[in-house]
Structure formats: C-alpha cells, structure tokens
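This report concerns only the one structure given below.
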Amino acid sequence: MQKMALFAFRGEMGCFIHVMLNAIDMKEKGFEVVVVLEGESVKLVGELAKDTNPMHKLFEKTKSLGIFAGACKACSHNFGVLDVVKKEGFTILEEMNGHPSIARFIESGYTILTF
C-alpha cells in the first residue's frame, strides 16, 4: 500500500480544497494518506468549520475519514488560531521546534507532497 503525506502550507482556499479532494480520492483508492496543516493553511480551519461555508461538508468528510494527521502548533499560534484548531479536534504537531517533522513521515515510509 502506498503511503502519502500531503503537507498543506498555502492559505488559499482553492488550493486546500484540492488537497482535501486528492486525499479523499487516495483514501478511497486504498492509499494510506494523511494531511498535515502547516503555514498559512491553519487559518482555513475556522472558515471551513462554519456550516455556512460551501466547503464545510468536504472538510467534515475529510475529518471523518481520519485523514488529518494534525496541525502545526507554531503556525497555529502565530496566526492566532490555536484555540480554533484544538476546538476542531486537530492533533497539535510540534516535534520539530514547534513544527511537524517531515522527516518523521519519511522515516515511516510516506512519500511527501507539498502544497
């Protein structure tokens, strides 16, 4: 089984939608796939959590499939969304000076894609 880790850095909704769509597609095709929120992407959690957001259902589906590995603690703190990220149930990743470690995923056999 292929293992993919999609690291979302960009805070653009259009880009993040494609991250979620591709992650769901991979999961449905039998891949082991995770999405890690880094950089500005953490700011999208609060927007996507609103049930009035057109992409809310896609966000909830991604969450329900267990695809989100977590969100960067340092970036969530720096962008003022740490409480929102925690409230939405994201694991807080901080093993590399407050940031997620890409090396950890590589060591676990994941191929890394960045967005």
Side-chain angles (χ1 to χ4, degrees):
M1 171 189 330
Q2 283 191 293
K3 296 171 71 169
M4 305 296 292
L6 285 60
F7 275 70
F9 286 89
R10 295 174 60 186
E12 298 169 5
M13 186 67 74
C15 180
F16 194 70
I17 290 165
H18 285 89
V19 170
M20 292 187 293
L21 288 170
N22 277 288
I24 290 168
D25 183 52
M26 289 178 192
K27 178 91 170 176
E28 290 173 347
K29 290 181 173 153
F31 288 61
E32 183 176 329
V33 60
V34 295
V35 171
V36 176
L37 280 69
E38 261 276 27
E40 291 184 352
S41 72
V42 299
K43 296 190 303 185
L44 298 173
V45 172
E47 293 177 45
L48 289 164
K50 296 175 185 171
D51 59 4
T52 56
N53 187 297
M55 294 296 119
H56 176 73
K57 288 183 182 178
L58 179 65
F59 179 65
E60 289 299 320
K61 180 176 182 178
T62 309
K63 282 180 21 179
S64 71
L65 291 171
I67 292 173
F68 288 120
C72 176
K73 180 180 183 179
C75 294
S76 295
H77 173 74
N78 288 337
F79 288 111
V81 296
L82 184 57
D83 288 341
V84 173
V85 169
K86 286 180 178 178
K87 180 183 174 201
E88 285 302 308
F90 280 77
T91 299
I92 303 303
L93 304 173
E94 59 179 317
E95 67 268 25
M96 189 186 68
N97 296 316
H99 299 272
S101 170
I102 291 176
R104 173 174 63 94
F105 287 91
I106 294 170
E107 290 170 344
S108 296
Y110 286 89
T111 298
I112 308 297
L113 297 176
T114 60
F115 296 86

Practice problem: I would like to know whether Val81 and Val45 meet side-chain contact (heavy atoms from CB on, under 4.5 Å); could you show each step before the answer? | Solution: CA-CA 8 Å; Val81 296; Val45 172; over 6 Å; no
Quiz item: Step by step, would you call Ile92 with Leu82 a side-chain contact (heavy atoms from CB on, under 4.5 Å)?
Solution: CA-CA 9 Å; Ile92 303 303; Leu82 184 57; 3.9 Å; yes
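Contact of the Met26 side chain with the Leu113 side chain is registered, since non-hydrogen atoms from C-beta on lie closer than 4.5 Å. Between Ile67 and Lys27, some side-chain heavy-atom pair lies under the 4.5 Å cut-off.
For residues 79-89, the set of pairs meeting the side-chain hydrogen bond (donor to acceptor under 3.5 Å, both in side chains) definition, not counting sequence neighbours, comprises Lys63-Glu88. Each salt bridge (Lys or Arg N to Asp or Glu O under 4.0 Å) pair with one or both residues in residues 4-21, not counting sequence neighbours, appears once here: Arg10-Glu12. Listed by first and then second residue, the ring pair (Phe, Tyr, Trp, His ring centres under 6.0 Å) pairs that reach into residues 43-62 are Phe59-Phe68, sequence neighbours excluded. Screening residues 29-44 for salt bridge (Lys or Arg N to Asp or Glu O under 4.0 Å) gives Asp25-Lys29 as the qualifying pairs, with residues at least two apart or on separate chains. Listed by first then second residue, pairs satisfying ring pair (Phe, Tyr, Trp, His ring centres under 6.0 Å) with a partner in residues 26-51 number zero, not counting sequence neighbours.
Checking Met55, Met20, Lys57 one by one against Thr62, the side chain to side chain contact (heavy atoms under 4.5 Å, CB included) holds for a single residue, Met20.
The cluster map of Ile, Leu, Val, Met, Phe, Trp and Tyr, joined by side-chain heavy atoms under 4.5 Å apart, puts Met96 and Val42 in different clusters.
Phe115 and Cys15 get closest at one heavy-atom pair: CB-SG, 3.9 Å. Residues Leu21 and Leu58 come closest through the heavy atom pair CD2-CD1, 3.8 Å. Between Ala23 and Val35, the closest heavy-atom pair is CB-CG2, 3.7 Å. Nearest heavy atom pair, residue Gly46 against residue Val84, reads CA-CG1, 3.6 Å.
Here Leu93 sits in one hydrophobic cluster together with Phe7, Phe9, Val34, Val36, Ile102, Phe105, Ile106, Tyr110, Ile112; the rule is ILVMFWY side chains under 4.5 Å apart, joined directly or through other members.
For the side-chain contact (heavy atoms from CB on, under 4.5 Å) test, residues two or more places apart in sequence or in another chain that qualify with Ser41 are Ala8, Phe16, Leu37. Under the side-chain hydrogen bond (donor to acceptor under 3.5 Å, both in side chains) criterion, Glu28 pairs with Lys61, not counting sequence neighbours. Met13 is linked by a side-chain contact (heavy atoms from CB on, under 4.5 Å) to Ile17, Leu44, Glu47, Leu48, Asn53, counting only residues two or more places apart in sequence or in another chain. Lys73 meets the side-chain hydrogen bond (donor to acceptor under 3.5 Å, both in side chains) test with Glu94; sequence neighbours excluded.
Looking at His18, its side chain does come within 3.5 Å of a backbone N or O of Gly14 through a donor-acceptor pair.
Annotation: His99, atom NE2; neighbour count of heavy atoms from other residues, nucleotides and ligands within 6.0 Å is above 12.
With rounding to the nearest 0.5 angstrom, the SG atom of Cys72 is 8.0 Å from the CG atom of Asn78.
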